[in-house]
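Below is one structure; the comments refer to it alone.
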Protein chains: 2
Amino acid sequence: MSSPRKVSDSTVRRLSFYLRILKEIRGRGVRTVSSARLAESTGVTSAQVRKDLSAFGNFGVRGRGYDVNELGDHIRRILGLNRTWKTVVVGAGRLGGALTSSGDFSRQGFRILALFDTDPAKIGQTVGPATVRPLEELDGFVREEGVQIGIITTPGEHAQDAADLLIAAGVRGILNFAPDRLRVPEPVRLRDVNLAVELEGLTFAITEIGEPGG
Amino acid sequence: MSSPRKVSDSTVRRLSFYLRILKEIRGRGVRTVSSARLAESTGVTSAQVRKDLSAFGNFGVRGRGYDVNELGDHIRRILGLNRTWKTVVVGAGRLGGALTSSGDFSRQGFRILALFDTDPAKIGQTVGPATVRPLEELDGFVREEGVQIGIITTPGEHAQDAADLLIAAGVRGILNFAPDRLRVPEPVRLRDVNLAVELEGLTFAITEIGEPGG
DNA sequence: AATTGTGAACACCTTCACAGCT
DNA sequence: AGCTGTGAAGGTGTTCACAATT
């Protein structure tokens, strides 16, 4: 019930997984689920599941488990998914276009209202549910619409400028796909998705296999 | 020099960041760098930098620091970037297309040789340096070309099938963008990029700000 | 004087194991 | 009997602080 003191990033990531499993389970008409069942589907221990959930409240019933619908509602509320998030994308390249068109974002209350770019050839194009606008309009648009989240898919050298614009206009969180480390002031929240890091983590792991220590 | 017993995922991720900074520093003609300088640019402590590097060898010189070129070479070798990685993408949708065209992959020794899809309308299309082929050709192609890495950008319900095909054909690592948790046998390595998890981590962090515990 | 490499201390996260509830 | 919630134990990753080296 009470607000947690500090919740680890790992816990939050696992909540997303639990939510996904709960949706699947609910689709099959099951009404109750145990921590062991959730653990099995997500690749963690049952104790981990219970610890993660108990950071936010006592959602289960001893001897019985968790109510699938109820737990889903709790997790959605915890993750802030019980509302709509107004979002814009800066950088109308292929990645920005792919994300805008993708179901990942339009699902679950994320609404991409516009893309912004400096390339005159792209201005006015329609991408999924949104239109590409000139970067100069970003500030006014974000302020007027009350946009809370900015997604950066510009080339690395323009990512910090994009972040500065978004922050000045009032966004509260940034999802950054550019490989540069951005500086954002409190209380703006930043999350990075760095494809090079993921690929290199993979090649490291593969390379290790054949080595003596592996 | 010797193989490390066990290196944490966090350490590997930071190596990618160090490498990025080293490239930038080298571009400016600087020849030596301290752990403090690397730390400043990547947002960690200098002790962390030294610990990360010392897991793989003694690359520095006391009182002086690290040679920029030499350290870059070491990290590239550690991450397996001192060679070419043959890669295919399964799922020629917008995301698959964006990744294939993106510089992130063509840089640094990653060569995307083909995309695979079941949609007849997409077969034969050219995406960046590669062509879209029918899924039936995946096994033969991967075997013949000696492809080591598969990137999955299919819808979630087809991701496990894609993984099974890739593994049967002999890939050693998979980068999965589908939101489903894949099962892969040893010694195949799997890495997930889950956009929903990242977005939900961001909304959690934003939502927390206004709360009592924050 | 500057800076690395690293044992020890610390902080954080995960697992164990069981009391407590249904 | 079954399963949660959680204090304690265990394990992993980070920071401290300083001897070693140039």
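Within every chain, numbering begins at 1; the chains are lettered A, B, ... in the order of the sequence lines, protein sequences first and strands thereafter.
- The interatomic distance linking A/K51 (NZ) with C/dC18 (C1') rounds to 12 Å, in whole Å.
- Distances shown here put every side-chain N or O of B/R50 at or beyond 4.0 Å from the OP1 or OP2 atom of D/dA17.
- Exactly one residue among A/I21, A/I25, A/D73 makes a side chain to side chain contact (heavy atoms under 4.5 Å, CB included) with A/V68. That residue is A/I25.
- In this model, the phosphate group of C/dT3 is not approached by any side-chain N or O of B/S35 to a distance below 4.0 Å at OP1 or OP2.
- A salt bridge links A/R28 with A/E24: at least one charged nitrogen is closer than 4.0 Å to a carboxylate oxygen.
- Which of D/dG5, C/dG5, D/dT15 sits closest to the side chain of A/S54 comes down to D/dG5.
- For the pair A/L71 CG and D/dC3 C1', the computed distance is 14 Å after rounding to whole Å.
- Per the geometry, NZ belonging to A/K6 stands 13 Å off P belonging to C/dA11, to the nearest Å.
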What pairs of donor and acceptor atoms, side-chain ones from residues 81-88 of chain B against any protein atom, are under 3.5 angstrom apart with sequence neighbours left out?
residue, atom, partner, partner atom, Å
B/W85, NE1, B/G80, O, 2.6
B/K86, NZ, B/E145, O, 2.9
B/T87, OG1, B/W85, O, 3.3

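- In the set C/dT14, D/dT6, C/dG5, the nucleotide with an atom closest to the side chain of A/N58 is D/dT6.
- Atoms OH (A/Y66) and P (C/dT22) sit 14 Å apart, rounded to a whole Å.
- Here B/D139 pairs with B/R143 in a salt bridge; the nearest charged N to carboxylate O distance falls below 4.0 Å.
- Side-chain nitrogen and oxygen atoms of A/T45 include at least one within less than 4.0 Å of the OP1 or OP2 phosphate oxygen of C/dT15.
- Nearer to the 5' terminus of DNA chain C, by closest-nucleotide assignment, is the contact made by B/G65 (compared with the other of A/R64 and B/G65).
- Screening A/R50, A/E40, A/K51, A/Q48 for a side chain to side chain donor-acceptor pair (under 3.5 Å) involving A/S35 leaves a single residue, A/R50.
- Here C/dA2 presents its C1' atom at 17 Å from CZ of B/R37, a figure rounded to the nearest Å.
- Distance A/D52 CG to D/dT4 C1': 14 Å, rounded to the nearest Å.
- Atom CD in A/Q48 sits about 10 Å away from atom P in C/dC13, given to the nearest Å.
- Considering only side-chain atoms of B/S10, the nucleotide from D/dT6, D/dG13, C/dT6 that sits closest is D/dG13.
- Not a single donor-acceptor contact under 3.5 angstrom links the side-chain atoms of A/R62 to the base of C/dT22.
- Rounded to a whole Å, the CZ atom of B/F59 is 19 Å from the C1' atom of D/dT22.
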